[in-house]
Visitor: 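Structure below; questions to follow.
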Amino acid sequence: MTTVRNELLGVSLDGRHRLERWLGGGGSEDFFLTSHLGRRAALKLIPEIPSEAEEQLERWRRAAALSHPNLLPLLDFGRAEEGGRRFLFAVFELPDETLSSALEHGPLDEAESRDTWNAAVEGLRYIHSRGLVHGAVDLEHIVAVGSTIKLASDTLREPSPSYTASDDFRAP
């Protein structure tokens with residue numbers, strides 16, 4: 001999506017979310033800096049796959065209805081078309097840092113490790129109590145917003161025989 005990424009900088013998706021700066025990504029997803037209701041936010045952009053679009057939008061509908069201090073809120077989501085290409089997008093509170101980037105500065109001390117673990121577990125308990133699984137508990141999906149540790153919510157989904165709530169706790 002590298003050329004798509006460059007072509008979309010400065011574009012206003014759905015007339016509401018201007019893609020200000022590329023934040024990162026990989027595979028078929030890209031994250032951009034945007035604004036939502038006057039606040040900085042992160043926008044996840046994926047190509048629309050017609051056979052999967054409704055299922056993805058339903059996942060995001062469910063995620064947007066959730067509210068917990070240790071879960072990154074999903075603020076908006078939808079479809080957009082730009083340059084003849086169709087995309088799905090989701091807008092989230094902008095994290096200050098991922099656990100991965102925090103560890104680049106050195107290991108967490110004992111209290112930070114405990115606080116991070118406890119916040120992630122509380123977020124997972126909440127998600128699981130709502131009949132969902134996280135599906136991607138890793139260093140990139142544990143984030144900080146100010147001093148609050150949160151789980152990213154872009155990967156939430158229904159459990160399946162191949163991925164259950166227990167798998168969230170066994171994630172690498």
Visitor: Give the other cluster members for Ile49, using side-chain heavy-atom distances under 4.5 Å between Ile, Leu, Val, Met, Phe, Trp and Tyr residues; answer none if it is isolated.
Guide: none
Visitor: Going by side-chain contact (heavy atoms from CB on, under 4.5 Å), name the residues that satisfy it together with Pro73, two or more places apart in sequence or in a different chain.
Guide: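 Pro73 satisfies side-chain contact (heavy atoms from CB on, under 4.5 Å) with Leu75, Glu93, Lys150 once adjacent residues are dropped.
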Visitor: Between the main-chain N or O of Glu112 and the side-chain N or O of Thr116, is there a donor-acceptor pair closer than 3.5 Å?
Guide: yes
Visitor: List the atom of Asp168, the atom of Gly135, and the distance in Å for their closest heavy-atom pair.
Guide: OD1-N, 2.9 Å
Visitor: Starting from Leu94 and following side-chain heavy-atom contacts under 4.5 Å between hydrophobic residues (I, L, V, M, F, W, Y), which residues can be reached?
Guide: Leu23, Phe31, Leu33
Visitor: Indicate the atoms forming the closest heavy-atom contact of Thr98 with Leu139, along with that distance.
Guide: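 Closest approach of Thr98 to Leu139: CB-O, 3.8 Å.
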Visitor: Side chains of Phe77 and Val91, heavy atoms from C-beta outward: is any pair under 4.5 Å?
Guide: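 No - every pair of side-chain heavy atoms lies 4.5 Å or more apart.
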Visitor: Can you name the side-chain hydrogen bond (donor to acceptor under 3.5 Å, both in side chains) partners of Arg114, sequence neighbours left out?
Guide: none
Visitor: Once side-chain hydrogen bond (donor to acceptor under 3.5 Å, both in side chains) is applied, do any residues pair with Glu58, and if so which ones, sequence neighbours excluded?
Guide: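 Expected list: Arg61.
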Visitor: Do Leu66 and Leu132 have side-chain heavy atoms sitting under 4.5 Å apart?
Guide: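 A side-chain contact exists here, since the closest heavy-atom pair is under 4.5 Å.
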Visitor: With sequence neighbours excluded, what pairs up with Glu81 under the salt bridge (charged side-chain N to carboxylate O under 4.0 Å, His left out) test?
Guide: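 Scan of Glu81 (salt bridge (charged side-chain N to carboxylate O under 4.0 Å, His left out), adjacent residues dropped) gives Arg86.
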Visitor: Would the distance check show the side chain of Asp96 and the main-chain N or O of Gly146 forming a donor-acceptor pair, the cut-off being under 3.5 Å?
Guide: yes
Visitor: Which pairs pass side chain to side chain donor-acceptor pair (under 3.5 Å) with one or both residues in residues 9-20, sequence neighbours excluded?
Guide: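 Those involving residues 9-20 are Asp14-Arg16, Arg16-Asp76, His17-Asp76, Glu20-Ser35, Glu20-Arg40.
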Visitor: Who passes side-chain contact (heavy atoms from CB on, under 4.5 Å) against Ala119, sequence neighbours left out?
Guide: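 Counting only residues at least two positions away or on another chain, Ala119 forms a side-chain contact (heavy atoms from CB on, under 4.5 Å) with Asn70, Ile149.
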Visitor: Which heavy atom of Asp167 sits nearest to which heavy atom of Tyr163, and what is that distance?
Guide: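 That closest heavy-atom pairing would be OD2-CA, 3.3 Å.
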Visitor: Can you give me the closest heavy-atom contact between His134 and Val137, atom names plus distance?
Guide: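 Looking at all heavy atoms of both residues, the closest pair is ND1-N, 3.5 Å.
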Visitor: Does any non-hydrogen side-chain atom of Leu13 lie less than 4.5 Å from one of Leu43?
Guide: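 Yes; the side chains approach each other to less than 4.5 Å.
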Visitor: Taking only residues two or more places apart in sequence or in another chain, which ones pass side-chain hydrogen bond (donor to acceptor under 3.5 Å, both in side chains) with Arg79?
Guide: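 Residues passing side-chain hydrogen bond (donor to acceptor under 3.5 Å, both in side chains) with Arg79: Glu48, Glu54.
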Visitor: Please check if the side chain of Ser153 supplies one atom and the backbone of Leu72 the other of a donor-acceptor pair under 3.5 Å.
Guide: yes
Visitor: Side-chain contact, heavy-atom cut-off 4.5 Å: Val133 with Thr155?
Guide: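 Not in contact.
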Visitor: Do Leu124 and Phe169 touch side chain to side chain, with heavy atoms closer than 4.5 Å?
Guide: yes
Visitor: Quick one: list whatever passes salt bridge (charged side-chain N to carboxylate O under 4.0 Å, His left out) with Glu55, sequence neighbours left out.
Guide: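 Partners of Glu55 under the salt bridge (charged side-chain N to carboxylate O under 4.0 Å, His left out) test: Arg59.
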Visitor: Among residues at least two apart in sequence or on other chains, which ones pass side-chain hydrogen bond (donor to acceptor under 3.5 Å, both in side chains) with His36?
Guide: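 His36 satisfies side-chain hydrogen bond (donor to acceptor under 3.5 Å, both in side chains) with no residue once adjacent residues are dropped.
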Visitor: Is the shortest heavy-atom distance from the side chain of Leu8 to the side chain of Phe87 under 4.5 Å?
Guide: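 Yes, close enough: below the 4.5 Å cut-off.
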Visitor: Can you measure from CG (Leu156) to CH2 (Trp60) and round to the nearest 0.5 angstrom?
Guide: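 Reported to 0.5 Å precision, the distance equals 11.5 Å.
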Visitor: Which heavy-atom pair separates Ser129 from Tyr126 by the least distance, and what is that distance?
Guide: OG-O, 2.7 Å
Visitor: Tell me which pairs pass salt bridge (Lys or Arg N to Asp or Glu O under 4.0 Å) where either residue lies in residues 115-131, with sequence neighbours left out.
Guide: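 Every pair satisfying salt bridge (Lys or Arg N to Asp or Glu O under 4.0 Å) with a residue in residues 115-131: Glu122-Arg125.
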Visitor: Where do Ile142 and Ala120 come nearest, in terms of heavy atoms and distance?
Guide: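 Reported closest heavy-atom pair: CD1-CB, 4.4 Å.
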Visitor: Do Phe89 and Thr34 have side-chain heavy atoms sitting under 4.5 Å apart?
Guide: no
Visitor: Measure from the side-chain N and O atoms of His141 to the backbone N and O of Ala136, and report whether any donor-acceptor pair falls under 3.5 Å.
Guide: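 Here the side-chain-to-backbone pair exists.
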